[in-house]
Amino acid sequence: MSRGLLFLVFLLVWGSLPSQAPQYDLVIVGGKLVDGTGNPWYVADVAVKDGRIAALGRELQARGVRTIDAAGKIVSPGFIDIHSHSDRGLADPSLKANLNMVAQGITLSVVNQDGRSPDWPIRGQRAKYEKQGTGNNVALMVGHGTLRQRVMGDRARERATDADIRAMQDLVTEGMRDGAFGLSAGLEYVPGRFSDTREVIELAKAVRPFGGFYISHERSEGKDPMWKVASDPTPSVDLLEAVEETIAIGREAGVPAICSHLKAKGANYWGSSYAATRLIQEARDQGVDVYADQYPYDTSGSDGSTVLIPLWALAPPGSDVGGQLGEGGRALPGGVKKNLTTRLAVPTDAARIRGDIDHEIARRGGAARIVIYDHPEKKYLEKSLADIASDLGKTPADAAIHLQMTGYDRAGGARMRGYSLSEIDIEHIMRQDFTATCTDGDTVAYGDGVPHARFYGTMPRKIRRYVVDRGVITLPFAIRSMTSLAAQIMGLRDRGLLRPGAWADIVIFDLAEIADNATFTKPHQYPAGIPYVLVNGVPVVDRGKFTNATPGKVLTPAATELAPKPGRR
């Protein structure tokens with residue numbers, strides 16, 4: 001055989017070798033892709049290059065620096081937490097890896113919620129995160145309450161003037177130019193609760209030129225706001241009125257609006273989610289771009305610090321405790337037992353106290369769903385208020401008074417948690433195609449305090465409990481609510497989906513093993529069944545272990561364009 005013929009044969013053989021396949025940083029092979037669109041899974045490989053998905057398809061024959069065998073496992077976009085309080089923890093550089101969030105598969109946390117921007121201007125917060133690094137991506141919001149306090153100062157509990165609103169609009173514009181994604185409000189909290197709808201509409205209008213959105217912890221999540229006790233004559237709104245306000249803000253401002261962590265709180269308000277979601281759907285049918293988000297638990301954050309005794313009855317006469325929500329009232333000075341004893345000696349006060357207690361018991365889910373977790377009398381631990389009332393032969397209201405008098409000399413006398421939400425409402429809200437998923441949780445140090453279980457378990461719980469165990473929703477529907485739906489609301493084109501050109505925020509999990517392990521007695525437990533989490537193509541969870549890498553970016557609306565697409569095979 002001539003040398004020329006031998007050389008031709010060599011070239012033909014060489015050209016067919018796998019080593020000529022494209023070189024990638026990482027290739028994930030054989031996984032069941034649930035791509036975030038809501039479509040069912042399909043088997044495909046995913047190739048990652050320079051932090052983005054470079055190619056995607058069946059049997060790519062791609063060669064990577066590293067290969068992950070995902071056969072039998074689910075490969076999905078990274079989860080987006082559209083209502084996160086991780087900004088609190090990320091203020092501590094030692095928590096920058098955001099372990100309790102990335103362990104759940106959360107690759108993007110949307111922070112500065114409930115109207116609170118921890119730093120102003122937010123470019124300082126952005127610069128801090130960029131300098132220290134973060135374990136996952138972060139998107140910043142402008143906090144309405146922060147701006148209100150900044151502009152109005154000592155008048156922040158008053159109605160805003162036109163001049164106040166113009167000054168706040170200027171600050172919203174500044175925040176949006178600094179890279180924020182929109183406006184957050186906490187209308188059940190101080191100072192947001194003293195605003196009116198017109199004020200919020202005018203501020204939300206300021207995010208529209210930037211393509212921003214509005215997200216609200218609404219004025220009420222049940223029959224009454226958290227700050228209101230039965231005997232308080234202050235006018236207030238209920239959940240349905242609060243939802244109508246959010247819809248009105250979105251409609252009038254012309255921006256996407258989110259009814260955040262939507263729920264129907266209180267045993268005397270269960271089932272009202274059907275009316276709330278009907279209001280949202282009717283608004284959407286009329287062209288209003290309104291959504292909801294939700295965490296999949298039957299107990300809220302404030303339920304974990306339940307105080308059944310009205311705070312006004314525990315404080316020295318003349319004290320302003322800010323209503324039942326507290327606004328610092330739970331840090332009452334010593335002597336609460338003495339103050340309560342004095343109040344109970346006055347018949348009219350005693351009747352008012354018991355009426356307020358009954359109101360709070362209903363709001364926290366009823367006596368059978370209020371559980372004691374810390375009290376000097378250890379026999380009461382993990383018993384319900386109904387159990388204790390039965391043992392004492394007292395009414396639930398008098399059992400609550402007994403817990404205060406025999407407990408610690410602080411508001412409530414015990415650490416209690418109310419399970420104030422019903423599965424009827426949780427499942428109904430979850431089934432709506434406009435409902436995204438959130439944690440409403442913080443970044444925390446492992447073992448520090450007694451946080452809500454959602455800080456560790458939200459995303460895996462939704463899959464395990466509501467997809468696998470209960471069959472409330474399908475897996476593609478759940479993944480869509482945790483990925484592309486949030487991306488759509490935020491205007492992100494390069495996250496929330498598995499497609500070429502998108503950033504490689506990717507979660508690999510075992511559907512048979514995924515589970516939330518966090519409980520309300522032992523909340524510091526990482527979930528099971530999530531061996532890999534990638535943020536911008538970099539593993540932050542690798543073979544089930546933390547890498548402590550900080551590849552996260554502080555996202556800005558201007559940086560959301562797709563890279564050139566190499567195409568799908």
Side-chain angles (χ1 to χ4, degrees), residues 24-36 41-57 60 62-81 97-109 133-137 437 439 456-464 467-468 475-476 478-479 482-484 495-500 502-517 525-553:
Y24 299 106
D25 299 324
L26 175 70
V27 179
I28 302 167
V29 299
K32 297 178 178 179
L33 270 61
V34 181
D35 63 10
W41 63 263
Y42 63 99
V43 176
D45 302 337
V46 181
V48 176
K49 178 73 172 178
D50 297 330
R52 293 185 183 261
I53 297 174
L56 184 152
L60 285 178
R63 184 168 60 90
V65 174
R66 180 181 178 188
T67 299
I68 295 175
D69 183 359
K73 294 182 174 61
I74 302 296
V75 180
S76 84
F79 304 145
I80 299 175
D81 183 0
N98 211 359
L99 300 184
N100 61 295
M101 293 298 175
V102 299
Q104 301 181 50
I106 295 170
T107 57
L108 170 56
S109 298
T134 55
N136 62 350
N137 300 304
T437 307
T439 69
Y456 284 85
T458 297
M459 301 300 178
R461 177 182 176 84
K462 185 162 187 173
I463 295 170
R464 168 52 53 191
V467 173
V468 178
L475 181 62
I479 296 299
M482 299 155 70
T483 58
S484 68
R495 298 183 193 270
L497 291 168
L498 297 180
R499 60 176 176 175
W503 286 99
D505 295 340
I506 298 173
V507 181
I508 303 174
F509 63 91
D510 189 324
L511 190 60
E513 296 182 4
I514 191 170
D516 56 310
N517 292 322
Q525 298 190 75
Y526 295 114
I530 307 178
Y532 297 96
V533 180
L534 277 63
V535 174
N536 301 318
V538 178
V540 292
V541 178
D542 194 341
R543 299 183 182 92
K545 304 293 184 181
F546 295 119
T547 67
N548 291 304
T550 54
K553 301 176 182 290

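- The minimum heavy-atom distance linking N517 with Y526 is given by the pair ND2-O, 2.9 Å.
- Atom CD in Q104 sits 10.5 Å away from atom CD1 in I463 (nearest 0.5 Å).
- Judged as a side-chain contact (heavy atoms from CB on, under 4.5 Å), and not counting sequence neighbours, the contacts of T107 are D505, V533, V535.
- The main-chain N or O of L497 is never found under 3.5 Å from a side-chain atom of S484 such that the two would form a donor-acceptor pair.
- Applying the side-chain contact (heavy atoms from CB on, under 4.5 Å) rule to T550 yields the partners K96; only residues at least two apart in sequence or on another chain are considered.
- Considering only residues two or more places apart in sequence or on other chains, D542 meets the salt bridge (charged side-chain N to carboxylate O under 4.0 Å, His left out) condition with R66.
- Judged as a side-chain contact (heavy atoms from CB on, under 4.5 Å), and not counting sequence neighbours, the contacts of A97 are L99, N548.
- A donor-acceptor pair is defined here as one N or O able to donate and one able to accept, closer than 3.5 Å; such a pair exists between the side chain of D45 and the backbone of L60.
- Legend: residues meeting ring-ring contact (aromatic ring centres under 6.0 Å, His included) with Y532, ordered by chain and number and at least two apart, are absent.
- Residues L475 and V467 come closest through the heavy atom pair N-CG1, 3.7 Å.
- Here the NZ-CG distance, from K73 to L511, works out to 11.5 Å after rounding to the nearest 0.5 Å.
- No side-chain heavy atom of D35 sits less than 4.5 Å from a side-chain heavy atom of P77.
- Residues I28 and A70 approach most closely at CG2-CB, 3.7 Å, considering heavy atoms.
- In this structure the side chain of V29 reaches within 4.5 angstrom of the side chain of T67, judged on heavy atoms.
- Taking the ring-ring contact (aromatic ring centres under 6.0 Å, His included) definition, one finds that F509 meets it with nothing, sequence neighbours left out.
- A search for side-chain hydrogen bond (donor to acceptor under 3.5 Å, both in side chains) contacts involving T439 returns D81, not counting sequence neighbours.
- Formation of a donor-acceptor pair under 3.5 Å by the R464 side chain with backbone atoms of I514 is found in this model.
- From R495, atom CZ reaches atom CD1 of I80 across 8.5 Å, with rounding to the nearest 0.5 Å.
- We find the CG-CD1 distance between L26 and I506 to be 7.0 Å, quoted to the nearest 0.5 Å.
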- request: Output, in order, the C-alpha distance, side-chain angles, deciding distance and verdict of side chain to side chain contact (heavy atoms under 4.5 Å, CB included) for V541 and T547.
  value: CA-CA 6 Å; V541 178; T547 67; over 6 Å; no

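- In terms of heavy-atom proximity, K553 sits nearest to N137 at N-OD1, 2.8 Å.
- For the pair N100 and N98, the minimum side-chain heavy-atom distance is below 4.5 Å.
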- request: For the pair I508 and I74, evaluate side chain to side chain contact (heavy atoms under 4.5 Å, CB included) and give the outcome as yes or no after the intermediate values.
  value: CA-CA 6 Å; I508 303 174; I74 302 296; over 6 Å; no

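- Every residue two or more places apart in sequence or in another chain that forms a side-chain hydrogen bond (donor to acceptor under 3.5 Å, both in side chains) with T437 is listed here: K462, S481.
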- prompt: How far apart are the C-alpha atoms of V75 and W41, what are their side-chain angles, what is the distance that settles it, and do they pass the side chain to side chain contact (heavy atoms under 4.5 Å, CB included) test?
  reply: CA-CA 9 Å; V75 180; W41 63 263; over 6 Å; no

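- Residues satisfying the salt bridge (charged side-chain N to carboxylate O under 4.0 Å, His left out) test with D516, not counting sequence neighbours, are R461.
- Atom CG in N536 sits 9.5 Å away from atom CG in L534 (nearest 0.5 Å).
- Among all heavy-atom pairs drawn from A549 and V540, the shortest one is O-CG1, 3.9 Å.
- Residues meeting the side-chain hydrogen bond (donor to acceptor under 3.5 Å, both in side chains) test with S109, sequence neighbours left out: N136.
- With sequence neighbours left out, the side-chain contact (heavy atoms from CB on, under 4.5 Å) criterion links K49 to Y24, D25, A54.
- Closest heavy-atom contact between V27 and R63: CG2-C, 4.1 Å.
- For the atom pair L33 CG and Y42 OH, the distance stands at 5.0 Å (nearest 0.5 Å).
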